[in-house]
Amino acid sequence: MATTIKEHLETIDNDLAALILKISSIANTISDELPYRRGKADTKNVFGELQLVADKWADQFIIEELRKLGLVKTVVSEEQPDIVPLNDSGTFNITLDPLDGSSNIESNNLVGTIIGIYKEDLPTQGKHQVAAMYILYGPVATLVYTAQNGVHEFLYTKEGFVLRGENMKLPEPGKLYGIGGLRKDWLPAFRQYIEQLEAEGYKLRYGGSFVGDFNQILHYGGIFAYPALIEKPNGKLRLLVESNTMSFIVKQAGGASTTGKSSILDVVPESITQRVPTYIGNKELIEKLEKIF
Ligand code: AHM
Ligand code: MG
């Protein structure tokens, strides 16, 4: 019999296990509801991006479900301008990208939910996470989590989330690269770095959703980046709700992350909306990259 996520969580702290289990059941509902939550919402988020019905619904649904659980003190969400207080007695603080890659909804490409879990008050450095996870709503929904106990992947089935891969490590050497932003806007040194990878046989795979693009690096190895751009030196991805979470997971999987200079997990946030140039993948590729800047 396949191990359920509930069984897998038995070895970690009770409250943290309850929180991750709750998030997994929230993900079940999101996966089931996405077909019915389509279209544009005609509002913009704090980043000036047009919100979709699904973005707003997922944001509100996750926040309300977490409020009911009682274990969460505050949430920082990509769809909320300020820190959202939930329960004064809660012990966890959460970062949330409710529906990442939502511009993929129209074409039915991958989207996902990204969640970082902290005990420290937010904003704080990503290295202070106690757990991190994402859910990928793909042909099959999958959930990946780490509670500093390795990286584990679960498949959404009729029996709920069941174990698919335990203690995952980025394969060495990696095979893929996926880079956001237009190539003409990349910094020249970065362009050369990617041309070198192409010459070595790394294959381009880019889907436009961080969750999907990171997930394939976890499975095949390589590098994902939303790099510094000439006109946007901080790139696009948000430090708190996007980059820190994946950086925490990749480290547990034997990989690394960088801003171009040093680990993303060490960046001291100045605001909850801060963006950061994001390069994530096999350690050796990240070390090589840090030398070009
Ligand atoms: P979102 O959270 O508003 O969807 O934005 C983040 C997404 C990432 O998933 C992805 O890496 C990036 O934006 C893609 O951006 P672009 O559409 O500019 O290539
Ligand atoms: Mg996002």
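Remember, predicted model here, so these are calculated numbers, not experimental data. Whatever order the structure lists them in is the order used to number ligands and atoms, beginning at 1.
For the residue pair Asp97 and Tyr134, no side-chain donor N or O sits within less than 3.5 Å of a side-chain acceptor on the partner. There is a side-chain donor-acceptor pair under 3.5 Å between Glu200 and Gln196. Neither side chain, Ser209 nor Asp100, offers a donor N or O lying under 3.5 Å from an acceptor on the other.
The atom name of the N/O/S atom in Asp100 closest to the Mg ion (ligand 2) is OD1. Distances from the Mg ion (ligand 2) to each N, O or S atom of Asp97 single out OD2 as the nearest. When the Mg ion (ligand 2) is compared with the N/O/S atoms of Glu242, atom OE2 turns out nearest. Distances from the Mg ion (ligand 2) to the N/O/S atoms of Glu78 are shortest for OE1.
Protein heavy atom closest to atom 3 (O) of ligand 1, with residue, atom name and distance, is Glu78 OE2, 3.1 Å. With respect to atom 14 (C) of ligand 1, the closest heavy atom belonging to the protein is Tyr206 OH, 3.4 Å. Shortest contact from atom 18 (O) of ligand 1 to any protein heavy atom: Tyr226 OH, 3.2 Å. Atom 5 (O) of ligand 1 has Arg238 NH2, 3.2 Å as its closest protein atom, hydrogens excluded (heavy atom only). Lys236 NZ, 3.8 Å is the protein heavy atom nearest to atom 12 (C) of ligand 1.
Interface atoms of ligand 1 facing Ser209, defined by a heavy-atom separation under 4.0 Å, are 9 (O). Applying the 4.0 Å criterion to heavy atoms of Ser102 picks out, from ligand 1, the atoms 4 (O).
Within the set Pro98, Gly208, Gly101, the minimum heavy-atom distance to atom 10 (C) of ligand 1 is found for Gly208.
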### Task
Let me see the working for Tyr177 and Glu198 under side-chain hydrogen bond (donor to acceptor under 3.5 Å, both in side chains), right down to the final yes or no.
CA-CA 9 Å; Tyr177 74 96; Glu198 287 165 341; 2.4 Å; yes
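Arg238 places no side-chain N or O within 3.5 Å of a backbone atom of Thr273 that could act as its donor or acceptor partner.
The six-membered or imidazole ring of Tyr279 lies away from that of Tyr193, with a centre-to-centre distance of 6.0 Å or more.
At least one N or O atom of Phe210 sits closer than 3.5 Å to an N or O atom of ligand 1. Taking only nitrogen or oxygen atoms, main chain and side chain alike, Asp213 does not reach within less than 3.5 Å of ligand 1.
A continuous path of hydrophobic side-chain contacts links Leu16 to Leu71 [ILVMFWY only; heavy atoms under 4.5 Å]. Cluster annotation: Ile272 and Phe248 are assigned to distinct hydrophobic clusters (Ile/Leu/Val/Met/Phe/Trp/Tyr, side-chain heavy-atom contacts under 4.5 Å, transitive).
In this structure the side chain of Thr113 reaches within 4.5 angstrom of the side chain of Tyr137, judged on heavy atoms.
Contacts between Val211 and ligand 1, counted as non-hydrogen atom pairs separated by less than 4.0 Å, are absent for every part of the residue.
Between the NE2 atom of His8 and the CD1 atom of Ile20 there is a distance of 10.5 Å, given to the nearest 0.5 Å.
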